[in-house]
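The block underneath contains the structure these notes are about, expressed in structure tokens.
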Amino acid sequence: MSDETDIDLKPADEAAPSEGSLADGMRIIGEFVHTLPRKPGVYRMIAADGEVLYVGKARSLRSRVAAYTQPTRLDNRLLRMVSGTKTMEFAVTDSEAEALLLENNYIKRFKPRFNVLLRDDKSFPYIVIRRDTEWPQLAKHRGVRDPKNEYFGPFASATAVNRTLYALQRAFPLRSCSDGVFSTRTRPCLQYQIKRCTAPCVGRIDHTEYGAIVDEVRGFLGGRNREVQQALSQRMDQASVGLEFERAAVLRDRIRALAHIQSHQSISLPSIDEADIFAVHAEGGQMCVQVFFLRAGQNLGNRAYFPSHTKDLDEPAVLSAFIGQFYESRPAPKLILASHDVVEAELLESALAMTAGHKVEIRHPKRGDQKDALDQAVVNAREALARRMAERGTQRQLLEGVARVFNLDGPPERIEIYDNSHIQGTAPIGAMVVAGPDGFTKNSYRKFNIKTEGAAGDDFAMMREVLTRRFGRALREDPERGDESWPDLVLIDGGQGQLEVARQVLSELGLEDIAIVGIAKGPDRDAGRERFFMPGKPPFSLEPRDPVLYFLQRLRDEAHRFAIGTHRTRRAADITKSALDEVPGIGAGRKRALLHHFGSARAVAVATLEDIKAVAGISDALAQKIHDHFRGGR
């Protein structure tokens, strides 16, 4: 793809009225039209405060932008957009396909209010067979892929990949432990005892037999599941005939585990190697897009999306915008099945092929197995949207109740809940969870490793650090407070003391207008008798059966769950750290070599200098450094 060329133009008349009117917007847009080339590109409509209102792509920038100066051809949504436009920016590309890719990139970056937005854009998990180690490992993976390893997916959720991994480990007993744990084992672990690992760490299996299991996993995940099951069945029969009943029972359990994986497949197309299914359903001014992932004939799960800003658009237009954004940061499969005829499907195919490196086909089947699978996906989309509409109605009522209880100006759009966790001051962390009209917003959760000296174990000092870091950074990044990430309500897990700390922090930062409330359990920490603390007001409680009380308990409990989970993760990481990690110049490879040679970090600490020099990969200078480190000469 060639580099895009920015066109930074300004209308001739800069003295546009501050009030957005349709005539003003059309005049401003019209002043750009005559200077634009008849080339493909991307345009951005920008409001007076710099907000990007809309991002669009065009085969001819001049023709496309000129269309906004003809009000009779614009719907109400576009008329509002034109009225708010104060300036525009442009980028020229070599082709319309490149313009489409750049458009999706800009939409993801600027999140314009008049574009269809894919709000949940987190990465999907994969199953990886790690081949960069002597004994391949079966594990879950997110993020950048290493070309040395083999990846299977994507899976729709962590739940889907965890369920599959659990079953795979029953069927194919490969190691799942980390390299650090693997290299320090001296006897088989519990996974070996329950027949979910073959204990290669202590030599209970040779490379040939272990490699055969790896091949079976690769075959099953690669779509040859019937061949793998038949081979296992034949080996089970042979073991049974040979009176090797224990081995036959192991193979029987492995076959059952494979059958368990396949039993979870509500939608499957065995004839298709890889495809994604997109089904959309619209109702009540809202839309739901269900995405199913099919790989090697197997269904790897599904996820429901609720794109925003879709009220004035039909399903084909929403699907086109959604699919383009969905694959903005991930490669598309060879086949995409859609529940409607996608707008500009051929252009979208060309753009996706450019990033995927292979041909991409978008198909809207009218009959056959693919149509049946799409119909089932549409049913899933309809049911998911019905559940969401019911939940949002209830959620809105609860938020209105929160506004009434705490005397807020209106139902809060964003509530931030804070909690701390530690054990006698060790591994202290602070946690923030976020809730709003759509429930918990998990991609907005934040954790804070406590850094202030002496704060560990002091709940008040920990809360001060967390709030200072959170709101201090927010002020630096958005001093005008125009971003949607500012809370309407801050809920603190604690009583009068924690509330006073929060009040002081917000006051010092000049944020006194943010409502803060402390929630503390009642006598004997009895849930249901919570007391609420607000600045300048006496503590109060709600009726035990009040739905708002249950809602606030859920918020507090979610913060507590997230804080404890984060604390446990950090504590586990601290426990697995080795004394060798503190020695400068020792990475994973040299650490592994030392542990293989000596057996433990403690043995390294008491080793002589000559013994350390004898380890492969350890230079004389590094050996001296290690020796001095443990002997106090650092």
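Since this is a predicted model, take the numbers as computed values, not measurements.
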### Message
When you measure from the side chain of Arg62 to the backbone of His34, do you find a donor-acceptor pair of N or O atoms at a distance under 3.5 Å?
### Response
yes
### Query
Is the distance between the ring centroids of Phe32 and Tyr43 less than 6.0 Å?
no
### Aromatic plane relationship, Tyr68 with Tyr54 - under 30° parallel, 30 to 60° tilted, over 60° perpendicular
perpendicular
### Closest non-hydrogen atom pair, Met432 against Ser444
CE-O, 3.3 Å
### Query
Just by modelled atom types, is the Leu79 backbone N or O under 3.5 Å from a matching donor or acceptor in the Ser83 side chain?
yes
### Query
Is the closest basic N to carboxylate O distance between Glu150 and Arg218 below 4.0 Å?
yes
### Query
With a 6.0 Å cut-off on ring centres, are Phe326 and Phe278 close enough?
yes
### Message
With heavy-atom distances below 4.5 Å as the criterion, would you say the side chains of Met26 and Pro71 are in contact?
### Response
yes
#### Entry: Rounded distance [0.5 Å steps], CG in Asn302 versus CZ in Phe292
3.5 Å
### Message
Once rounded to the nearest 0.5 Å, what's the spacing between atom CG of Leu117 and atom OG of Ser308?
### Response
4.0 Å
### Backbone of Leu352 reached by a side-chain donor or acceptor of Thr355 within 3.5 Å
yes
### Query
Looking at side-chain heavy atoms only, is the closest gap between Arg113 and Glu51 below 4.5 Å?
yes
### Summary
Tightest non-hydrogen contact, residues Leu374 and Ala279, listed as O-CB, 4.4 Å
### Side chains of Tyr106 and Glu89, donor plus acceptor under 3.5 Å
no
### Query
Looking only at heavy atoms, what is the nearest atom pair of Arg414 and Trp486, with distance?
CD-O, 3.7 Å
#### Entry: Closest contact, heavy atoms only, Val214 versus Arg131
CG1-NH1, 4.0 Å
### Task
Flag the pair Glu361 and Lys334 as a salt bridge only when some basic side-chain nitrogen lies within less than 4.0 angstrom of an acidic carboxylate oxygen.
no
### Query
Does Lys359 come within less than 4.0 Å of Glu349, counting only side-chain N to carboxylate O?
no
### Phe114 CZ to Thr85 OG1 distance, which is reported to the nearest 0.5 Å
8.0 Å
### Query
Taking Thr133 for the side chain and Pro136 for the main chain, is one N or O donor matched with an acceptor at less than 3.5 Å?
no
#### Entry: Partners passing side chain to side chain contact (heavy atoms under 4.5 Å, CB included) against Asp146 (at least two apart in sequence or in another chain)
Asp132, Lys148, Asn149, Tyr151
### Task
Give the C-alpha distance, both sets of side-chain angles, the deciding distance and a yes or no for side chain to side chain contact (heavy atoms under 4.5 Å, CB included) between Asp276 and Leu294.
CA-CA 6 Å; Asp276 288 346; Leu294 304 180; over 6 Å; no
### Student check: side-chain heavy atoms of Ile205 and Ile213 closer than 4.5 Å
yes
#### Entry: Contact check, side chains of Val55 and Pro112, non-hydrogen atoms, under 4.5 Å
yes
### Task
Give a yes or no answer on whether the side chain of Asn104 reaches the backbone of Leu100 with a donor-acceptor pair at less than 3.5 Å.
yes
### Message
Determine whether the aromatic ring centres of residues Tyr126 and Phe155 are separated by less than 6.0 angstrom.
### Response
no
### Side-chain donor or acceptor of His358 paired with backbone N/O of Ala332 under 3.5 Å
yes
Enumerate, atom names and distances included, each donor-acceptor pair closer than 3.5 Å involving a side-chain atom of residues 337-348, sequence neighbours excluded.
residue	atom	partner	partner atom	Å
Ser339	OG	Val280	N	3.1
Glu344	OE1	Lys57	NZ	2.6
Glu344	OE2	Lys57	NZ	3.0

### Query
Is there a donor-acceptor pair under 3.5 Å between the side chain of Thr69 and the backbone N or O of Ala66?
yes
### Salt-bridge present (Arg130, Asp179; N to O < 4.0 Å)
yes
### Summary
Across all chains, not counting sequence neighbours, the salt bridge (charged side-chain N to carboxylate O under 4.0 Å, His left out) partners of Glu477 are Arg473
#### Entry: Residue Arg59 excluded, over 12 heavy atoms near CZ under 6.0 Å
no
### Query
Just by distance, do the side chain of Gln325 and the backbone of Leu118 share a donor-acceptor pair under 3.5 Å?
yes
### Message
With a 6.0 Å cut-off on the ring centroids, do Phe322 and Phe306 count as close?
### Response
no
### Task
For Gln395 and Asp438, test the side chains for any donor-to-acceptor distance below 3.5 angstrom and give the result as yes or no.
no
### Message
Less than 3.5 Å apart, any donor N or O on the side chain of Gln290 or His281 sitting next to an acceptor on the other?
### Response
no
#### Entry: Approximate separation, where rounding is to 0.5 Å, of Arg64 CZ and Leu36 CG
12.5 Å
### Task
Search all heavy atoms of Pro200 against all heavy atoms of Arg175 and return the closest pair with its distance.
CG-CB, 4.4 Å
### Query
Which heavy atom of Ala91 sits nearest a heavy atom of Leu102, and at what distance?
CB-CD2, 3.8 Å
